Number of protein chains: 4
Amino acid sequence: MARVIDETKIERIKEATLHMVVQKGYGGASISEIASLAGVAEGYLYRHYKGKADLVHDLLYSNLNELINQLEQLLDNHHTVLEIFEQLTRTLFGIANVQPERIKFLYVLMHDYNFKIEESQRERILNLCTRVKVEGIKSGEIAADIDEEEIYLIGVAYPIQFINLHLKNFFNQSELGEGEIKKVLKIGKELIKK
Amino acid sequence: MARVIDETKIERIKEATLHMVVQKGYGGASISEIASLAGVAEGYLYRHYKGKADLVHDLLYSNLNELINQLEQLLDNHHTVLEIFEQLTRTLFGIANVQPERIKFLYVLMHDYNFKIEESQRERILNLCTRVKVEGIKSGEIAADIDEEEIYLIGVAYPIQFINLHLKNFFNQSELGEGEIKKVLKIGKELIKK
Amino acid sequence: MARVIDETKIERIKEATLHMVVQKGYGGASISEIASLAGVAEGYLYRHYKGKADLVHDLLYSNLNELINQLEQLLDNHHTVLEIFEQLTRTLFGIANVQPERIKFLYVLMHDYNFKIEESQRERILNLCTRVKVEGIKSGEIAADIDEEEIYLIGVAYPIQFINLHLKNFFNQSELGEGEIKKVLKIGKELIKK
Amino acid sequence: MARVIDETKIERIKEATLHMVVQKGYGGASISEIASLAGVAEGYLYRHYKGKADLVHDLLYSNLNELINQLEQLLDNHHTVLEIFEQLTRTLFGIANVQPERIKFLYVLMHDYNFKIEESQRERILNLCTRVKVEGIKSGEIAADIDEEEIYLIGVAYPIQFINLHLKNFFNQSELGEGEIKKVLKIGKELIKK
DNA sequence: GATGAATGAGGCTTCATTCAT
DNA sequence: AATGAATGAAGCCTCATTCAT
């Protein structure tokens, strides 16, 4: 009877939000700009999100979720730490090359002191790191004194940092090819004993 | 005499700004709160800064400057890459323990896609990395294929990332003692060949 | 058949509107809440009313109409002023005990400077007062200098005021029993000479 | 040094608020209309009031306060219930003739189910009624079974109701002269026992 | 020089109303 | 006939900035 919800609109809102948050940060991204960029009425947003915070939170949550899901699958299918690090890095580089703003978005919000990651997601990340640690120690790939934090820093934070440095052209090297993957993996490999 | 009072005011404004930006982010920090925290009239601020952006920019610039100066001195006095990495890490941890907000401030703004570091500062950082690279290769401490970027990432970005992960209690480990320094240096050491 | 369903819908809309206006005031009552409370589509409302104002206006009109009709019947069946006052008060108390929201609704809107009572209804009320006055003077129950206004104030406005003061617990007395009816009537009786 | 607060602006805001609330009710009165009527910037309001509710609340509070103060003085200076009622009525009529909107304002908000009078003020009103009751019973002017509520209704609510009926031209009698005072007092007198 | 009163553009949000289905 | 998705004007409010004093 009534119009059907136009899913492309919601998709456009998400894209526009991602874009604006990356361009101007959470505070600088305005609802009116997001709406106009998405080609949607300002008020329309509020039919799907409680407000700006909800919108951005939701977007962070789902992006992170997708990433975590990929990581979990990755852990299910690969068993050596080296393999895992490599696949993880390739995954992140893959996103960066196809949807650089998605990586920027995660990067910007993960470094914002006002945006806490959902507790459940923090726990899932922690669990992933524990799995890597346990399997790595069992197989003898990594030393016994390596902890989750280092795995996270080297496996996730470092590649993201690396990618964004490139996207920002900080060292005037904007490519993100096989050579860059190698560079990132080099650090990961160092972590692995012997 | 009048000058002295002024300098105190400017100093208080800088402290207040640092504090508010860290607590509430750039967008959330309001001029009126900053002024009242600094015990200064709102209008006074505009006699010294063109506006809020200018104020924060200036603060980022001077904080970064101080840090870069310290790094330059460090390079003048220490010659092995290992030493440099260690002193650098100790410097950053020292700041984190005494003025955690300064580290948070740098962390937050360096990751913001709005706040580009001054070109001159970027160059100075680049030069510092080049010096480390050159001396490291000359002394045989690091491999020939290491580049500035990696030195920056491992020597600066990684420790800052590490510190902030702790300040955020992401892995429920908030201490920043000798043990944590060791952990950070371990990665640095891995970079150094054989 | 379809008609029957319609009537229920309209009825439900009226109930929902009454409820929401009483709970949140005219401005605070939203069409979407009213529609959802009535189990009706928002758009449906606009097939029967020009808008929110029209809806509420109509509701005020019909409620007032019902009350005026009751008063007219009352006047047809009772002849002494005293009797009329008593029956009138009992009628109002009756409504207040069974449908307190109806009394609140009338109370709220009759005192709102935006909602003018329809001219035709004002005239009917005036006529009712005139009838009471004329019959009262004829029978000698009330003084010749009593006018319509006083009859309205004492017979209608005063009881409604009294009831709402109780519904608001202004004097911490929320009951509306025989004792309260007596109290109200006492004032009415005073109006009646000798 | 800086500009001095322009008290006339605050005064104009108060007047404009009173006016708009009377004309359109609390919900219908908009900040932007109030500000423009007062000839003041919209944001200026928020330097003195937390928001719209605070502004209107404050205005209701102070208006009511002034009235209650007058009533308290009145009670201090006049001792028979009759005198008190008369002076009270004259006071209210006086306001109505000079500042009709003040009376309308009180009338509108006292009948709004969303605006509760401050508890302290409710208590002061209650105390005033108690004083009248006690003194009236002591002097034998009023019956022992009269309670505070009736005193309030007859002494305050009834005159206000009466005045507003006139201001609304409900019975096409807009004058508020000596004759109308007499009419109101007649009801009051009835309350007083032989 | 310094103050803080005042401004007003622009932010977020609500909601009566329209209209494609 | 009925729905409810979509709109956008308008509401409340914040706050960087200006400027009279």
Side-chain angles (χ1 to χ4, degrees), chain A residues 1-7 9-10 13 27-36 39-55, chain B residues 2-3 5-6 9 27-36 39-56, chain C residues 2-3 5-6 9 27-36 39-56, chain D residues 1-7 9-10 13 27-36 39-55:
Chain A
M1 307 259 188
R3 261 167 288 183
V4 152
I5 285 189
D6 188 343
E7 286 298 336
K9 282 189 179 174
I10 297 183
I13 288 171
S30 87
I31 289 289
S32 94
E33 271 178 314
I34 289 172
S36 103
V40 149
E42 224 169 310
Y44 182 70
L45 267 146
Y46 293 88
R47 292 181 57 76
H48 299 279
Y49 300 98
K50 273 199 306 224
K52 183 180 166 182
D54 185 44
L55 166 58
Chain B
R3 270 289 162 85
I5 291 171
D6 270 12
K9 279 189 178 175
S30 85
I31 289 289
S32 103
E33 270 179 316
I34 289 171
S36 107
V40 149
E42 278 176 70
Y44 182 76
L45 257 141
Y46 288 86
R47 315 196 117 268
H48 297 276
Y49 301 98
K50 273 198 308 218
K52 185 178 164 181
D54 185 44
L55 166 59
V56 175
Chain C
R3 272 292 163 85
I5 290 172
D6 270 14
K9 280 189 178 177
S30 85
I31 290 289
S32 101
E33 271 180 314
I34 289 170
S36 109
V40 150
E42 278 176 69
Y44 181 77
L45 254 141
Y46 289 86
R47 316 194 115 272
H48 298 276
Y49 301 98
K50 272 197 308 218
K52 185 177 163 183
D54 185 44
L55 166 58
V56 175
Chain D
M1 306 260 188
R3 263 166 288 184
V4 152
I5 287 188
D6 189 343
E7 285 298 336
K9 282 189 177 171
I10 297 183
I13 288 170
S30 88
I31 289 289
S32 94
E33 271 178 315
I34 289 171
S36 103
V40 149
E42 223 171 306
Y44 182 70
L45 266 145
Y46 294 88
R47 293 180 56 77
H48 299 278
Y49 301 97
K50 273 198 309 221
K52 182 179 165 181
D54 185 45
L55 166 59

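Bear in mind that the values here come from a model prediction, so they are computed numbers and not experimental data. The chains referred to below are lettered A, B, ... by the order of the sequence lines, with proteins before strands, and numbering in each begins at 1.
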Atom pairs and distances, side-chain donor-acceptor, residues 39-50 of chain A, under 3.5 Å, sequence neighbours left out:
{"residue": "A:Tyr44", "atom": "OH", "partner": "A:His48", "partner atom": "NE2", "Å": "3.1"}

Q) Rounded to the nearest Å, what distance is computed from the CD1 atom of residue A:Ile10 to the P atom of nucleotide F:dA5? A) 10 Å

**Q.** From B:Lys52 atom NZ to B:Leu55 atom CG, the distance as rounded to the nearest 0.5 Å
**A.** 9.5 Å

Q) Taking for each residue the nucleotide of DNA chain E with the nearest heavy atom, is it B:Val40 or D:Leu45 whose nucleotide lies nearer the 5' end? A) B:Val40

Q: State, yes or no, whether a side-chain contact exists between A:Glu33 and A:Ile31 at a heavy-atom distance under 4.5 Å.
A: no

Q | Distance in angstrom units between A:Ile5 CD1 and E:dA20 P, rounded | A | 18 Å

(Q) Which nucleotide, if any, forms a Watson-Crick or G-U wobble pair with E:dA20, using both distances under 3.5 Å? (A) F:dT3

Q | A:Asp6 CG - F:dG4 C1' separation (whole Å) | A | 14 Å

Q) Want to settle it: does C:Ala41 or A:Ala41 sit nearer the 5' end of DNA chain F, counting the closest nucleotide to each? A) C:Ala41

**Q.** Taking every non-hydrogen atom, the tightest pair across D:Ile34 and D:Ile13
**A.** CG2-O, 4.2 Å

Q: Would you give a per-nucleotide map of nucleotides 12-19 of chain E, 5' to 3', where B means the base has a protein non-hydrogen atom under 4.0 Å away, S means only the sugar-phosphate does, and - means neither?
A: BBB-SBBB

